[in-house]
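This structure is a prediction, so every number in the text was calculated from the model and none was measured. Chain identifiers are assigned alphabetically (A, B, ...) following the order of the sequence lines, protein sequences preceding nucleic acid strands; residue numbering begins at 1 within each chain.
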Amino acid sequence: MDWIFLSELAINGALTGLLYSLFAIGLVLIYKASSVPNLAQGGLTMLGAYVVVALSHDAGLPLWLAIPLAALFMFALGFGIERVALRRLAGRPVVMILMLTLGLDIFLRGTTLAIWGGTSRSMELGVSYDPLFLGDIFISRIHLVGAAVAIGLFVAFMLFFRSRTGIKLRAIADDYTASWSVGISVERGVGLSWALASVVAVAAGVIWGEVQGVDQSLSLLLLKGLTVAVLGGLDSILGAVIAGIILGIIENVGADFIDPLVGGGSRELIVAAVLILTVMIRPHGLFGRHDIERV
Amino acid sequence: MMGGLITGSQALAEPFKVGVCYDLSKAYTFASPQVSQAAMDLAKLVNLKGGIGGEPVEVIVRDHGNEPQRGIECYSKLSREGVFVFDTLSTPVSLAILPRAMEDGRVLMQSLVGRGDAVDGTVFDWVYPVGPTYWGQAANDVAYLKQLHDGDLSDVKVGFVYFDYPFGQEPIEILETLSEKEGFDLELYPVPLPGSDQASVWSKVRRDKPDHVIVWMLGGAHVVASKEMQRNRIPMDKYISVNWLNEVDIANIGNEAAIGLKRGTNVVGGLDVPLRQEILAELYEKGEGSGPLEKTEDVFYNTGLAMYSIVFEAARKAVELEGLPITPESYKAGLETLKDFDANGLMAPITVTGEDHGGGGKTRIEMWDGETWVPQTDWISAYSDVVWDVVKESSEKYGQ
Amino acid sequence: MQDKAEAQPILSMNSVEVLYDNVMLAIKGVSVQVPKGEMIALLGSNGAGKSTTLKAISGLLKAERGRISRGEIKFEGEDITDALAQNRVQKGICHVIEGRRVFEHLSPDENLTAAAPTGMSRSTLNAEKEKIYAYFPRLAERRNSQAGYLSGGEQQMLAIGRALVTQPKLLMLDEPSLGLAPFLVAEIFGILQKINKEEGMSVLLVEQNALAALEIVSEGYLIENGRVVMNGTAEALKSNSDIQEFYLGGGEGTDFHNVKHYSRRKRWLS
Amino acid sequence: MMTNKQTANSAGDGAILECSGIERRFGGIVAVTGVDLVIQQGEIFGLVGPNGSGKTTLTNAITGFYPPNVGTVRLAGKDITGTAPHKVATLGVARTFQNLALFNGMSVLDNILLGRHIHMKPGVMRTALYWLAAQREEIENRKIVEEVIEFLQLESIRHELVDGLPIGLKKRVELARALVAEPQMLILDEPMAGMNQEEKGYMSRFILDARAERGVSVLLIEHHMDVITGICDRMLALNYGEMIASGIPKEVVKDPRVIEAYIGGSHG
Amino acid sequence: MFYRLSGVHHADYISDSRMFKVPADRNLAVFFLIIGVAAPFIIPSLYLNSYMLPWLIWTAAALGLNLVTGWAGQLHLGYAAVMAVGAYSAIHAAKFGVPWEFALIIGGLASSVIGSLFAFAALRVKGLYLALTTLAMQFVMDWVLTHSPAISGGSHASLQSPTLALLGQDITSDAGYYYVAFGWCVLVTIFMLNLKRTGLGRALVAVREKDFAAAILGVNSFYYKILAFATSSFIAGVSGALLVATFFFLAAPEQFSVNVSIQVLAMVIVGGLGSIIGSYFGVALILLVPGLVNGLVAAGSEAIGMQINVETLAHIPNAVYGALIVVILLIEPLGLGKLYGNIREYLMVWPFDQLRK
Ligand SMILES: Nc1ncnc2c1ncn2[C@@H]1O[C@H](COP(=O)(O)OP(=O)(O)OP(=O)(O)O)[C@@H](O)[C@H]1O
Ligand SMILES: Nc1ncnc2c1ncn2[C@@H]1O[C@H](COP(=O)(O)OP(=O)(O)OP(=O)(O)O)[C@@H](O)[C@H]1O
Ligand SMILES: CC(C)C[C@H](N)C(=O)O
Ligand SMILES: [Mg+2]
Ligand SMILES: [Mg+2]
C-alpha cells in the first residue's frame, strides 16, 4: 500500500469535493429558504462564468472588478427570477417547481450560448499551476483556492442563517401562509435566496471556469452538485460541505481500488452507490432535517 | 415543398444538396460550428465557380442536439426534400440514422464519427466513413511511437487516457492487440464525463511514469488534462491527442505551456492551406463568409473543408461518370472512384473503393511548437492488417 | 352601541365579496366593524365564511387563489383592500390562522424572532419575547425545543405569541380553541381578555365555541352561507333563542340521544 | 331505535378491544404508560385528557402506527399488538384522524369507495380487463357506499372534490369512509372539533345511529365534555400518559383529578 | 353547445362509471380512434413515421411514468434506464430466436423486475431524495450498458434489432410500424382509463396523498408502491422495445440516457400529473417542439435573409423551448391537460356561461 499516494488522492479528492460543495451550497441555500429544489443552478453557474469572462476578457475590466460586477448582476437576476417565475408557483407541489426550474435551466443555457457561443473560453484567474508540495504530496493551487472560497461561504452562510433574516428564510421554508400571516415577505425572502444562490453561482462559475474552462459543461455540474446536496441533506449547509469532502475522497480513493477490478472507470458507479446507500440508511441525507409527521 | 419552386432559370437546376444534421447546441459545439461553417463556405465557393456540372450545390445545416430522435427527424425531413447525402458529426446520431440510410439507399458520410467497422464497404454499402477511424488513428499513433523508439517498443510504457464511454473506449481493443504484438506496456486511465475532474487520473499517471500518453478526449477536457499535467510535472511532450484538439484548446492551455504536445490528424492544420486562402480571398474579404473569421482559424475548419471537399469531389465524379442529375447510385459510384484525392494538399490522400469506404485511413502526427503544428510523420496508415481484422470481425456481426 | 359608532372603528369592512378560483363565491357582501379596543366575535357554522372573512382582512386570500371581488376594507380609516399581506401586518393587523401553523422546524424562540418586524431593535424584541413568555409560562419552558413537537395547546400559545411579536393593533384569531382541552380554552381566553384590557388591543375572534366566546366579547356577528345574518351585543345574542339552540346548546343539558333525524330549518336562512 | 338500556345490555356480549399495560415512548418522552382499557361490544367509550396526554398516541398504538413499547392489544380476543396498520384495518378496525386524513385530490365518492378497499381485490390484470373482471365488483361496492352516503346525507356533494369542503363536511366524509369498511371497532379522534352545537348534535346522532344500525363499538376522543357525557357509556381520562380516572362519564367528570388536570375549575 | 351536461343523466352505476361520462368526450375519443386507424392513408409517410410513430410510443411510455409519478406520486428520474432494460432484453431475446410477441413480454417483465428495485428506494425516501436515488440508479444502468459490450453490442455499443414480426407476419412497412405503435398506445391508454375507475387507481392515489391514511383503510402502501413501479416498468419496457423495433432499429445507450429520463418526466409534468390526455399533449410538446422551432427559426432567418451565425441559430430554439416550459407552467401549473380541461369546461357551459354563479 502506497500511503503517500493514497493521501494525495484523498487530499485532492477532498479539495475537488469542496469545489462540488461550492456549487451545492447554492442549491442548499434555496432549498433551505423555500423548500424548492433548484435545477437551474447549473445554468446560473454557467451564466455567471460567462458574464465574468465577458466583463473581464471582452470588455477588458480587471478581474477584481469584473467578478463583483458579475455578482451584482446575478444578484439582481436572482431576484428577477423569483419575480417572474417562482412567485406564480408559490405553494404548488414540488414537482411542478422542479420542472419550472428545469425549464429555466434550459432557457438560461440556450440564451447564454446564443449570446456568447459554445467555444470554450478561459477564466485566467492567474493562479499558478505549479504544484504545491505537502511533503511528497502534490496539491493543486486552484483547488486549494476554491476550497477556501467554499469554506468561506460556508462560514458566512452558517452565520447568516442564525441572523434574523436567516431565521425568516427558514420560516418561509416551513410554511408560506404562516409566514405571510406574521408579515414576512415571502416573495422577498425567496427572491433573496435566489439572489444569494446566483452569487454563489458566480463563485462556483469562476473557480470551475478556471479549472475546466468556461463552456457549457459548467452546467453539468448540476448532477454532481445535487448528489452532494442530497448526500449532505438538502437543507444543510454543513451537510453540503461534509458530503462534498466525503464524496470527493471516496470517489478518488475508491476508484483507485475498484477500477482495476471492473476493468474500467468506476467513479460514477461509486458515486451512485454511495448516494443510494446513504439515502436508504438516512432518508434525509447526513444532516438534512426530518419531516415532522404526526398521525 | 413549395419553396422548391423558385422562379427563373434556377427552377430547372435542382441543386445538389447535402444534409448537414449536426449537434450545434450541445456537447459537440466545440467543433460543429467550425465544420459546418467550412461546409457552407465551400458550397459557396463551388457555386462561385459555376457549381457542379453547371448546377448549384447547397448544404442544409440543422441542429439535432446530439439526440438520436432529432437526428432521425432531420434525416427523414431532408430526405423527403430530396437530399440523399448526409453527415451527422455525431456517433450516436450516425448510429441512429444508419439503419434507415442502409434501407432507403441514402449515402451516409461519417468521417471521424460513427461505427468504425463501416469502412467495410462489402457490408455497409451506403456508409462512407472517409478518413481515419479511431481504430486506424490509434494504430497510427502506435506506429509513430515505434518510429520514435527506433522500431522497438518492448521497454516502452504507454498510457491511454480516455473518456469512459464508447468514443473513448473504442481504441482499447486495437491498443491491446498492438501491445501484445509490439510488446509495450499499456495502462488504461478512464476519465468520467465531462472530464472536468481528472486529478486522480494524472496523479496515477505521474506515479506510473508512462513514456507516452495517448489521449482520447474532447474539447475542454484537454485543457483540464494539461493543467493536471503541470501540477504533476508531467512534460507536455508525452501527450498524443486524438484529432479532436484545436487552436482554442491550445490557447486555453497556453501557447508556451502547450509546446511539445502532439496530435494525430488527417488534415493539415494551420492557416496557410491553399483552399482556406482561396475561401478567404473569395468570400471573407468580400464579407460573404458564412460566419466569423476566427472560426476559420481552427483546425476543425480545415477538417470541415476536407470532409466537404470529398463530398463535392464525389459529386463532380458522379457527373463525369453518369451525368446529371446526380442520383444516389451515381453519387456512390462517384465516391468509389476517388483516388489519391488530397484536396490540393489539405489532407491525407484518400482512395475510396467498393471494399474500403474509409479511403485508406491515413493520418499523421503533428507537434505544437509554440506557433504552429510541425508534422512528425508522413501520412501513414499502419497495421492495416490488424485494423482490418478488427473491422471484419465487427462488421460480420452486423445484420445478424 | 351608539357611542361606539361615533368613534371611528379600527376596522371596517363593507360589503366584501370573495371569490375563490374565480368561481366559488365564498362570502357575499359581508360588513363587519371592529371598534377600537373592543373584542368582537364572528360566529357561524361550518363553511359559513368566517375564515374567509379573516383572510380577506389579513390579505392571505392570495395564498389560496382567492380574491376580493367587491367591497372595501378600511383599517384606521385607510383603504387596505388591495394591500399586500406584509404591509397590513406592518400597519397593525395580525392574523392567527386556523390550525396553529407554527414554524415546525424552528424553536419557539426562533418562531418569535421570525415574526419580529424588520425594523424592531434587538432590545425591543427581547422585551416582547419576555412579555410573551410571561403570558405563557409553558412556552418559556420549551423555548429551545422544536416547535413541531409541542403539544396542541402549546402550539396554539406559540401561534398567539408569534402574532403578538408583530405588535398588532388588531389581533384576529381563527378558532383558537379548536381541539384544546377545556381548561386550556379558559386559560387562553383569559389571556386574550387580559391582553385586550392591558394593552387596549382590538380583537376579532372567530369561534365555534360560542359559549366561551360570548363570555369575553362585547359584540358578535353571525355569518351563515357567506352573509351576516345577525349582529348585536353579546348579551343580545346570548338571549336569542336560535343562537341558544344552535350555538350555545344547553351546556351539559343537551340530550344528544334525542337529536332529531331531520334538520330543522334555521329561521334566518333566506 | 335502540335506547340507552339496550345498548348497555348489548355491551355485555364480550370485550371487543382490550388494551393492557400499554406504554409508548418517543425518544425520551413517555407519551403513554400503563394504560388498561376494555371496550365491550357495542359500547361507546370516551377518551379524554389534556393536550399531549397521549390520547392520539394510544389510538396509534392500537392501530399499529406506533406499536406499543410495552403491553398488549387484543381485538375480539386476538392479539394484534404491533400488527401493521393495513392489517389491523382488515381485522375490522376503522378510524378517523384528528387532523383529517382525506385524499384531497379525489372526489367524495372516491374517498368513501376507498373505505371499501379491504372488501375488494384490486389488481393490475383486473384493471386491464375491467369489463370482464372488475366492473361487477365495483358496482356492488358502489351500492354499499351509496347506502352510507345516504345515511350521512352526503348525496349532494358526492362528485365534489374533498379539497374545497368545509371542515364539518370533511369530518362527515371521513366518518363515512370509516363506516363503509363495516368495522367492528370504530376509533374517532376528535370528530367534532371545530363544530358548533348544532353540528355536534348531528355528529352525535350519526354515531349513535351507527352503533344502533351497524352494531359497531366506538372509541371516541373528544374535548367537548357535553358530548362525552351525553353519548358515552363509559370513559377514561388520561393525564401525562397515565390513567387518572375511568368509569361512568357523569362520575368521572366530577373526579377532582380530572377537574384539576383537564376541565379546569370554572367549567360551566 | 357541443359539450352538454344537461340532459345527461346516469340512471345506474354502470353508466355513472363509464370511461367518458360526457357524450361529447366519447364522440371525440371515437373520432380520434378512427383518425388513428386511417392515419396511414391520410398522412404522408414522413409525418407518419418521424412524428406520429414516436409520438405514440412516447405517449405510451409517458403514461407508464405518469402511473408512477402522477398516480402513485413517486418522482422517478431513472425511467429511461428502465426502458433500456426492456429494449435490450427484448432484442436479445428476439435475436436468440424467441418470437417477438414473447420477446416483448420478456422485455416488459425484465423491466418490471429491475424497475421494482427502484421501488425499494421509494419505500424509504420521498420527493427530491427519491428523485436523486432513481437518478443514481439510472447512472448505474448507464454504466452497465457502456461497460458491458456483451449487452450493448460490441465496442460501438450499438445493438441491431432483428426485423419485427407479430402474429407470424414480418413487419417492415411504414404503416405496419405505425399500427404496432398505435395499437400499443391504445392499449396503454385503455389501461390508464380503467385505472381511473377501479380500486387499483384509487389505492395508488391514496398512497400518493397520505400513506398513513391509506394504511388505515387497509391499503398496503409497500405493496402498491411496488405494484406501481412494476406495472409502469412493464409499460416502459415494452415501449422501449417497440421504440427500437419500429423506430431506431438499433439500440444504443444514448437513446436511454439521463437526458431522456429527464425528458420523459418533462413530458409527464408539462402534460399534467395524472392526466391521460395531458400526456398526449406533453409528449407532443417536448418531442416535437424543438424540431419545429428549429425549422421555424431556420426558415425565419432565411426569409428575412439575415445571416445569423449557425451557432446562435441553433441555441435560440433551446432558449425558446426552455421558455415554453416555463410559460406553460406559469399559465397552468397543472399542465396542458388542465389547460385542455379548462377549455372543455368552458365549452361545456358555452354559450350559457353567464349563468354560472
Ligand atoms: N381555498 C379554497 N378554495 C375554494 N373554496 C374554498 C376555499 N377555502 C374555503 N372555501 C369555501 O368557502 C366557503 C367558506 O369557507 P371558510 O373556510 O371561510 O368557512 P368557515 O366559516 O371558516 O368554516 P369552518 O368552520 O369550517 O372553518 C366554504 O364553502 C368553503 O368550501
Ligand atoms: N411522532 C411523535 N414524535 C415525538 N413525539 C410525539 C410524537 N407523537 C406524539 N408525540 C408526543 O407524545 C405526547 C402525546 O401526544 P398525543 O398526540 O398522543 O396527545 P393527545 O392526547 O392526542 O393530545 P391532543 O389533545 O392535543 O390531540 C406529546 O407530548 C407529543 O408531543
Ligand atoms: C464531433 C466529434 C467529437 C464526434 C465524436 N467523435 C463522436 O463520437 O461522436
Ligand atoms: Mg374556518
Ligand atoms: Mg390527539
Side-chain angles (χ1 to χ4, degrees), chain B residues 3 20 22-26 29 32-33 36-37 40 60-70 72-77 79-80 90-93 95-96 98-100 102-103 114-118 135 164-166 169-173 288-292 295 390 393-394 397-400, chain E residues 44-47 49-51 54 58 95 139 142-143 145-147 149 152-162 172 243 247-257 259-260 263 287-288 290-292 294-295 297-299 302-303 307-319 321:
Chain B
V20 179
Y22 278 10
D23 168 13
L24 292 161
S25 60
K26 300 281 160 62
T29 47
S32 53
S36 56
Q37 188 168 329
M40 290 187 285
I60 305 172
V61 182
R62 292 282 182 275
D63 174 38
H64 58 53
N66 214 11
E67 288 171 32
Q69 185 97 36
R70 286 174 61 189
I72 291 179
E73 207 176 297
C74 181
Y75 165 86
S76 318
K77 197 145 185 267
S79 53
R80 197 180 149 83
S90 150
T91 297
V93 174
L95 287 179
L98 189 136
R100 282 165 197 261
M102 296 276 286
E103 173 83 24
R115 35 193 310 157
D117 58 355
W135 291 334
D164 196 19
Y165 83 122
Q169 291 162 349
E170 216 175 315
I172 293 178
E173 192 176 352
E288 297 272 292
S290 311
K295 289 254 190 269
V390 181
E393 190 195 330
S394 169
K397 288 191 199 133
Y398 182 82
Q400 283 173 6
Chain E
S45 75
L46 163 72
Y47 297 101
N49 246 278
S50 38
Y51 298 109
W58 280 111
K95 275 187 127 119
F139 281 126
D142 282 0
W143 192 90
L145 272 187
T146 48
H147 288 83
S152 66
S155 59
H156 301 292
S158 82
L159 182 71
Q160 234 207 330
S161 157
T172 48
L243 196 63
F247 185 70
F248 285 129
F249 306 115
L250 56 73
E254 290 82 6
Q255 293 159 358
F256 304 105
S257 66
N259 294 331
V260 180
Q263 242 178 23
L287 200 61
L288 307 181
L292 276 180
N294 220 330
V297 172
E302 266 162 39
Q307 264 283 353
I308 305 176
N309 185 340
V310 278
E311 230 185 321
T312 312
L313 220 53
H315 290 301
I316 290 174
N318 277 331
Y321 170 60

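At a 4.5 Å heavy-atom cutoff, the contact between B:Glu67 and chain E is made by side-chain atoms alone. At a 4.5 Å heavy-atom cutoff, the contact between E:Tyr51 and chain B is made by side-chain atoms alone. In this structure, chain B has heavy atoms under 4.5 Å from both the backbone and the side chain of E:Leu287. Residue B:Ser76 touches chain E through both its backbone and its side chain, counting heavy-atom pairs closer than 4.5 Å. Contact of B:Lys77 with chain E is made through backbone and side chain together, with heavy-atom distances under 4.5 Å. Heavy atoms closer than 4.5 Å to chain E are found in both the backbone and the side chain of B:Asp164.
B:Gln69 CD to E:Ser50 OG: the interatomic distance, rounded to the nearest 0.5 Å, is 9.5 Å. Here OG1 of B:Thr91 is found 8.0 Å from CD of E:Glu254. Values are rounded to the nearest 0.5 Å.
B:Asp117 pairs by the salt bridge (Lys or Arg N to Asp or Glu O under 4.0 Å) definition with B:Arg115, not counting sequence neighbours. Not counting sequence neighbours, B:Arg62 has no partner by the salt bridge (Lys or Arg N to Asp or Glu O under 4.0 Å) test.
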Q | Working for side chain to side chain contact (heavy atoms under 4.5 Å, CB included), residues E:Phe248 and B:Ile72 | A | CA-CA 8 Å; E:Phe248 285 129; B:Ile72 291 179; 3.4 Å; yes

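Across all their heavy atoms, E:Leu250 and B:Leu95 have their closest contact at CD2-O, 3.4 Å. Closest non-hydrogen pair, E:Asn318 versus B:Lys26, comes out as ND2-CE, 3.9 Å.
For B:Gln169 (side chain) and E:Thr146 (main-chain N/O), a donor-acceptor pair under 3.5 Å exists by modelled atom type.
Chosen from B:Arg100, B:Lys295, B:Gln37, the residue pairing most often with chain E at heavy-atom distances under 4.5 Å is B:Arg100.
Side-chain contact annotation: E:His315 with B:Asp63, donor-acceptor N/O pair under 3.5 Å absent.
Using a 4.5 Å heavy-atom cutoff, the side chains of E:Pro44 and B:Arg80 are in contact.
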